[in-house]
There are 2 protein chains.
Amino acid sequence: MENRKANENNCCPPEDNRPDLRSIEGPEADEELAQMLKALAHPARVQIVRILTRRDSCICGEIVDVLPLAQSTVSQHLKVLKEAGIIRGEVDGTRVGYCLNQRALRRFRALVAGL
Amino acid sequence: MENRKANENNCCPPEDNRPDLRSIEGPEADEELAQMLKALAHPARVQIVRILTRRDSCICGEIVDVLPLAQSTVSQHLKVLKEAGIIRGEVDGTRVGYCLNQRALRRFRALVAGL
DNA sequence: CCCGGCTATCGTCGATTGACGATGGAAAAT
DNA sequence: ATTTTCCATCGTCAATCGACGATAGCCGGG
């Protein structure tokens, strides 16, 4: 039995859970969608999201250990995901814990579902 | 009233509607997902999919007219989408009609939903 | 048969991506 | 205080992308 709840992240500040009122289509939505697609369009970044899904949160070093890539490369991929709003990072001393931004992921799924 | 049905394409041969038995996760799914994400990760290609969604099918020239891009560029984008299996093209004389591959799109949505 | 419209492909060029090692900086450990 | 650990950033290089014009191929109409 796990002591985590489905709607909580265990490493980052609580999320904004207000509903997303933005439209699912139109020029802005197209741009937004393309941007998120681009951020995810790399096997390593898909894997990172998968890892965070399983672990619920994860420090950077663990991801580096799992992926067959140099530390700097992983850091670069994390940056791409973070800038797209898909993940969030929380500094904890010398470590950095990353977790999914569930709100952004919901938005992404909604945009894809609208295709 | 339209004479088209939601589950039919009006330009391409009938689709294979058998359920997709492939897994939604794992290394192969990651690669497959990253490939589809990459194919869609461009504003012009998102727009093309949107156009095909609205029109149900569309000849190449119409897409060229709508997008602010050269004909050769649009053709290139169509090729990317086609190679990823997201759209299908049917030659009709001197024209080529494109339509969505709903089966592939369903697969894509399922993969994204599994993130 | 040649011509004109429609589409795909080729070649090119600048911009972006993705990989790496090296370096830097901040906090923890000694 | 020094060293160690962890992570981000920088610089570089090859590879890929995305845009375009030019060109080739194909089919239908005249």
Side-chain angles (χ1 to χ4, degrees), chain A residues 11-12 27 30-31 33-52 55 57-100, chain B residues 11-12 27 30-31 33-52 55 57-100:
Chain A
C11 80
C12 296
D30 285 4
E31 269 297 335
L33 175 54
Q35 201 176 342
M36 300 190 82
L37 288 166
K38 200 173 171 187
L40 285 168
H42 191 287
R45 296 198 285 269
V46 170
Q47 276 195 273
I48 289 173
V49 171
R50 283 262 156 80
I51 291 169
L52 293 180
R55 296 201 170 211
S57 106
C58 196
I59 63 175
C60 176
E62 300 184 88
I63 301 174
V64 172
D65 291 341
V66 171
L67 298 182
L69 295 169
Q71 178 266 327
S72 58
T73 305
V74 173
S75 191
Q76 194 67 24
H77 284 307
L78 288 167
K79 185 181 182 183
V80 171
L81 289 171
K82 192 174 177 182
E83 285 178 348
I86 295 169
I87 65 176
R88 305 191 296 157
E90 184 82 347
V91 176
D92 170 31
T94 175
R95 314 226 169 159
V96 178
Y98 284 99
C99 62
L100 295 177
Chain B
C11 79
C12 297
D30 284 5
E31 269 297 335
L33 175 54
Q35 201 176 341
M36 300 190 81
L37 287 166
K38 200 173 171 187
L40 285 168
H42 190 288
R45 295 199 284 271
V46 170
Q47 276 196 272
I48 289 173
V49 171
R50 283 262 156 80
I51 292 168
L52 293 180
R55 297 201 170 211
S57 106
C58 197
I59 62 175
C60 175
E62 299 185 88
I63 302 174
V64 172
D65 290 342
V66 171
L67 298 183
L69 294 170
Q71 178 267 326
S72 59
T73 305
V74 173
S75 191
Q76 195 68 24
H77 285 307
L78 288 167
K79 185 181 180 183
V80 171
L81 289 171
K82 192 174 177 182
E83 284 178 350
I86 295 169
I87 65 175
R88 306 191 296 156
E90 184 81 346
V91 177
D92 170 32
T94 175
R95 315 227 167 156
V96 179
Y98 284 98
C99 62
L100 295 177

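Chain letters run A, B, ... following the sequence lines, proteins first, then strands; residues in each count from 1.
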Short side-chain N/O contact to D:dG18 OP1/OP2 from B:Arg45, under 4.0 Å: yes
Between D:dC17 (P) and A:Leu37 (CG): distance, integer Å: 16 Å
Sugar-phosphate only, base, or nothing, as touched by B:Gln71 at under 4.0 Å among non-hydrogen atoms: base
Spacing of B:Asp92 atom CG relative to D:dC27 atom P, expressed in whole Å: 12 Å
Exceeds 12 heavy-atom contacts within 6.0 angstrom, atom CD of A:Glu90: yes
Residue A:Thr94, side-chain heavy atoms: nucleotide from D:dT9, C:dA19, D:dC6 that is nearest: D:dC6
Sugar-phosphate only, base, or nothing, as touched by B:Leu78 at under 4.0 Å among non-hydrogen atoms: nothing
Rounded interatomic separation in angstrom, taking CG from A:Leu81 and P from C:dT17: 14 Å
Side chain B:Glu83, main chain B:Val80, donor-acceptor under 3.5 Å: no
B:Leu81 versus B:Ala39, closest heavy-atom pair with distance: CD2-O, 3.7 Å
Whole angstrom value for the distance that separates P of C:dG18 from NZ of A:Lys79: 13 Å
Separation of C:dC6 P from B:Ile63 CD1 (nearest whole Å): 14 Å
Nearest listed nucleotide, side chain of B:Lys38, among D:dC20, C:dA28, D:dC17: D:dC17
Nucleotide nearest A:Ser72 (side chain, heavy atoms from C-beta), chosen from D:dC7, C:dA22, C:dT7: C:dA22
d(NE2, A:His77; C1', C:dT16) in whole Å: 14 Å
First encountered from the 5' end of DNA chain C, between A:Ala70 and B:Gly61: B:Gly61
Distance below 4.0 Å between A:Tyr98 side-chain N/O and D:dC6 OP1 or OP2: no
Between D:dA8 (C1') and A:Arg95 (CZ): distance, integer Å: 16 Å
Whole-Å gap separating C1' (C:dT9) and NZ (B:Lys82): 13 Å
Flag, side chain of A:Arg45 to backbone of A:Leu78, donor-acceptor distance under 3.5 Å: no
A:His42 side chain near C:dA19 phosphate (N/O to OP1/OP2, under 4.0 Å): yes
Distance below 4.0 Å between A:Thr73 side-chain N/O and C:dC20 OP1 or OP2: yes
Minimum heavy-atom distance between A:Glu31 and B:Pro43, given as atom pair plus value: OE2-CG, 3.5 Å
